[in-house]
Amino acid sequence: VSQKKKRIIAFSQCIGNDAWRQTMLEEMKRELSFNPDIEFLYRDAHGNNALQIDQIRELAKADIDLLIVSPNEAEPLTPIVDSIYQLHIPVIVTDRKTSSGQYNAYVGADNLAIGKLAGQYSQTVLPGKGKVGLVTGLSGTSASIEREKGFKQSILAASGMQISSIIHGGWEKNTAYAETRKHISQMAQCDVIFTFNDQMAMGVKKALDEAQSKKDIKIIGVDALPGPGNGLEQIMQGHMYASMLYPTGGTEAIRIALAIINNQPYKRENILATSVIDKTNAELLALQSHKIQQQQIDIDKRQEFITEQNRIYQNQKSVLNVLVVS
Ligand code: FRU
C-alpha cells in the first residue's frame, strides 16, 4: 500500500532570536499542534540575506507544499521568493514584504498605517510643536521603509512639528544604543523619539540615561509585546511612553497555510489590527495576555495528555492484535 506522504509547510524566518519572532514561532507551533498530520520545516537566516536565499532554495528541494517567508531585506530576497511562486509552490509572505507582490497571501499589520498612527499620537502628546527624532530599522526592510513613510506623512501634515534627527538602529537594541550615543547632543534635544521597534527604544533609553539627559523625552516604539523586559513592561515601568501594537500573525499564517493546501477559500491580503498602547491600557493588555498564556499552557497540557492516551491505546491495540492472531 502506498503511504501518502505527510504534507510539508516550510517557514523561512529572516532572524529568529528576538522575542517578537519567538512569539511568532510559538503561535505557529501551537496552531500546528492541532494538525499533527503536517510536517513543519523551520529555517532561521540570522538576519543574513544570502543565507536566507540558500535556505529557501534548500527548502524548495525538500518537496514542500507551501512556503511561509518573512524576508530579511526586500530587494535581495525578491528573486528567490518569486521563483518559488513561479514553481507553483504556494507562498505566504509575512510581516516584511518582497518587492514584487508575487505571493498567494500576505499576513501582517499595515506598517504604513503604523507609521501614521505613531505620527498622529506624537502630535497628541506634544504641546502643539516640538522636535522629533526617528530611529529606523534595517534600511532595506519593508517594515522600516513603510513606518518611516507613514510617520513622515502625518508629521509633515502638522505644523509646528519638526523631524530634527534620523538615526539608523538596524532593528537592534545595541545598534540603537551605539547610534544614540554617537548623536547624543541632537537626540537629547528631542521632545519625542519614535523608534521603529521596542528593542531599539530600550537602547535609546539606555544611552539617554547614561548621558544624564534631564529632558523628559517621550520614547514611542512598536511591537508592545508582553513578557519580562518587553514593550508592555517598559511602558508600565515608565521607560517607554507608548508603543504601536504589532501582532506577529503566527496563528493566522498557519491557518491560511492550511486553507491553501486544503484547497479552501482564503484572502490574499490579511491585514492585522493595530492600536496605540500607553500607560492607560498597557496593564489591561498585559493581564489579558497573561490569561491567554495560562489558558494556552492548559491546552498544551491537555494536548500532551491526549497524545499519551493515544500512545497507550495504540500499544494496547497492537498487544491485542498479537493475542488475537496467535
Ligand atoms: C523583530 C522585528 C520587530 C519589528 C519587525 C519588523 O525581528 O524587528 O521588532 O516590529 O521585526 O519587521
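It should be emphasised that the depicted structure is a prediction, and the values quoted were computed from it without experimental measurement. Order of appearance sets the numbers: ligands from 1, and atoms from 1 within every ligand.
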**Q** May I ask you to list the atoms of ligand 1 that are less than 4.0 angstrom from any heavy atom of Asp18?
**A** 1 (C), 7 (O)

**Q** In the protein, what heavy atom is nearest to atom 12 (O) of ligand 1, and what distance, to one decimal place, separates them?
**A**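 Its nearest protein heavy-atom neighbour is Arg96 NE, 2.7 Å.
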
**Q** May I ask you to check if ligand 1 and Arg147 share an N or O to N or O distance below 3.5 Å?
**A** yes

**Q** Going by heavy-atom distance to atom 11 (O) of ligand 1, choose the closest among Glu172, Arg21, Gln22.
**A**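 Going through Glu172, Arg21, Gln22 one by one, Arg21 has the nearest heavy atom to atom 11 (O) of ligand 1.
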
**Q** I'd like to know if the side chain of Thr94 and the backbone of Val107 have a donor-acceptor N/O pair within less than 3.5 Å.
**A**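 Confirmed, Thr94 side chain pairs with Val107 backbone.
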
**Q** Considering distance alone, does some N or O of Asp95 sit under 3.5 Å from an N or O of ligand 1?
**A**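 Among all N and O atoms of Asp95, at least one is under 3.5 Å from an N or O of ligand 1.
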
**Q** For the pair Leu77 and Ile56, evaluate side chain to side chain contact (heavy atoms under 4.5 Å, CB included) and give the outcome as yes or no after the intermediate values.
**A** CA-CA 10 Å; Leu77 265 303; Ile56 294 175; 4.0 Å; yes

**Q** Let's go through Glu31 and Thr251 carefully: what are the C-alpha distance in whole Å and the side-chain angles of both, what is the deciding distance for side-chain hydrogen bond (donor to acceptor under 3.5 Å, both in side chains) to 0.1 Å, and is it a yes or a no?
**A** CA-CA 6 Å; Glu31 201 57 29; Thr251 306; 4.7 Å; no

**Q** Any idea how Phe11 and Phe40 line up, ring-wise: parallel (<30°), tilted (30 to 60°), or perpendicular (>60°)?
**A**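 Taking Phe40 first and then Phe11, their aromatic rings lie parallel (interplane angle under 30°).
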
**Q** Ring-plane angle category for Tyr121 and Tyr241, please: parallel below 30°, perpendicular beyond 60°, tilted otherwise.
**A** tilted

**Q** Where's the contact between Glu146 and ligand 1, heavy-atom distance under 4.0 Å: side chain, backbone, both or neither?
**A** neither

**Q** Find all atoms of ligand 1 within a distance of less than 4.0 Å from any non-hydrogen atom belonging to Ala143, and give their numbers and elements.
**A**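 Going through ligand 1 atom by atom, the ones under 4.0 Å from Ala143 are 6 (C), 12 (O).
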
**Q** Does NE2 in His290 sit with more than 12 non-hydrogen atoms of other residues, nucleotides or ligands closer than 6.0 Å?
**A** no

**Q** Looking at atom 10 (O) of ligand 1, what's its closest protein heavy atom, distance included?
**A** Asp223 OD1, 2.7 Å

**Q** Say whether Leu112 and Phe196 are linked into one hydrophobic cluster, either directly or through other cluster members, by side-chain heavy-atom distances under 4.5 angstrom.
**A**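 No; Phe196 is not reachable from Leu112 via cluster members.
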
**Q** Start with the C-alpha gap between Tyr42 and Gln13, add the side-chain angles, then the distance that decides, and say whether side chain to side chain contact (heavy atoms under 4.5 Å, CB included) holds.
**A** CA-CA 8 Å; Tyr42 171 69; Gln13 176 66 290; 3.6 Å; yes

**Q** Closer than 4.0 Å to some heavy atom of Tyr246 - which atoms of ligand 1 meet that?
**A** 10 (O)

**Q** Asn197 heavy atoms, cut-off 4.0 Å: which ligand 1 atoms fall inside?
**A**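 Near Asn197, meaning under 4.0 Å from one of its heavy atoms, ligand 1 has 3 (C), 8 (O), 9 (O).
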
**Q** What are the atoms of ligand 1, with element, lying closer than 4.0 Å to any heavy atom of Trp171?
**A**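 Checking each atom against Trp171, I get 6 (C), 8 (O).
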
